[in-house]
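Data first, discussion second: the structure below is written as structure tokens.
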Amino acid sequence: MHYLNEILWAASCFVVITSLLIFSLPKHRSREAWLVFLLYQMILWGVGTVLFYNRGLITSPVHPFPHAIQAYFLDAYLYYPAIAVIYYFLCERVHARIPVLITTITFAILYTTVDYAETQLTKFKQYESWMTSIYVFVVSMVCLLITRWFTRLFFNIAQEGDPNIET
């Protein structure tokens, strides 16, 4: 098979991410999970398209919707937002700034490592420069922090504004 590595990569990522989501998320906080998922998608789509794909730092030779998006679909719209949901609920247990920063750096390293491994093992993505992995690290860290901040702000305002809202 010509695309065996790509199929195995996509299937293994799907199984791992789905398993983590099923077993690690609190069922009664699904609205928060959806907000984190969609917000991270939106931020990553905007930043990823402008910074990485339009500037030619990352190319995607294999993508399912060539006329709609330049990015590889599964990463930007499924895998990384799902990991952001896991990050959000993991950070909810920690309230001090230093542990949150350490968790954020750890997840950004995880993103960068998975992204780089994907460029080496599959044809889904190609880095045009070695500096791209540093940019991926910084952007993923900033996106995680923005997503966490906005989601917490949103649900804190919702709780204070209407006592009937369950979060």
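- For the pair Phe150/Val36, no side-chain contact is recorded, criterion being any heavy-atom separation below 4.5 Å from C-beta on.
- How far OH of Tyr40 is from CG of Leu44: 5.0 Å, rounded to the nearest 0.5 Å.
- The number of heavy-atom neighbours closer than 6.0 Å to CZ of Phe137, taken from other residues, nucleotides and ligands shown, is above 12.
- For the pair Phe154 and Glu32, the minimum side-chain heavy-atom distance is 4.5 Å or more.
- In this structure, a donor-acceptor pair under 3.5 Å is absent between the side chains of Tyr116 and Thr132.
- Between Tyr79 and Val114 the shortest side-chain heavy-atom distance does not fall below 4.5 Å.
- To the nearest 0.5 Å, the span separating OG1 on Thr104 from CG on Leu144 amounts to 6.5 Å.
- The closest side-chain heavy-atom distance from Met141 to Tyr111 is not below 4.5 Å.
- When side chains are defined from C-beta on, Pro26 counts as touching Phe89, because their heavy atoms get closer than 4.5 Å.
- Linking ILVMFWY side-chain heavy atoms closer than 4.5 Å, directly or via other members, places Ile134 and Val136 in a single hydrophobic cluster.
- Side chains of Ile83 and Leu110 form a contact here, defined as non-hydrogen atoms less than 4.5 Å apart.
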**Request:** Could you walk me through whether Ser12 and Leu8 pass side-chain contact (heavy atoms from CB on, under 4.5 Å), step by step?
**Result:** CA-CA 6 Å; Ser12 63; Leu8 289 174; 5.7 Å; no
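- In terms of modelled atom types and a separation under 3.5 Å, the side chain of Tyr87 and the main chain of Ala82 share no donor-acceptor contact.
- Hydrophobic clustering (ILVMFWY, side-chain heavy atoms < 4.5 Å, transitive): Tyr80 and Val15 are in distinct clusters.
- Cluster annotation: Ile22 and Ile86 are assigned to distinct hydrophobic clusters (Ile/Leu/Val/Met/Phe/Trp/Tyr, side-chain heavy-atom contacts under 4.5 Å, transitive).
- Gln120 contributes atom CD, which lies 11.0 Å from atom CG of Asp115 (distance to the nearest 0.5 angstrom).
- Separation of atoms OG1 (Thr18) and CG (Leu78) is listed at 9.0 Å; rounding is to 0.5 Å.
- Of all heavy-atom pairs between Ala33 and Leu25, the closest is CB-CD1, 4.3 Å.
- Interatomic distance, OG1 of Thr112 versus CD1 of Ile105, reported as 11.5 Å (0.5 Å rounding).
- A perpendicular orientation is assigned to the rings of Trp34 and Phe37, their planes being inclined by more than 60° (bins at 30° and 60°).
- The shortest side-chain heavy-atom distance between Phe107 and Leu90 falls under the 4.5 Å cut-off.
- Proximity of Phe155 to Leu35: side-chain heavy atoms (C-beta onward) are separated by under 4.5 Å at one or more points.
- In this structure, the side chain of Tyr127 does not engage the main chain of Thr119 through any donor-acceptor pair within 3.5 Å.
- We find the OH-OG1 distance between Tyr88 and Thr147 to be 10.5 Å, quoted to the nearest 0.5 Å.
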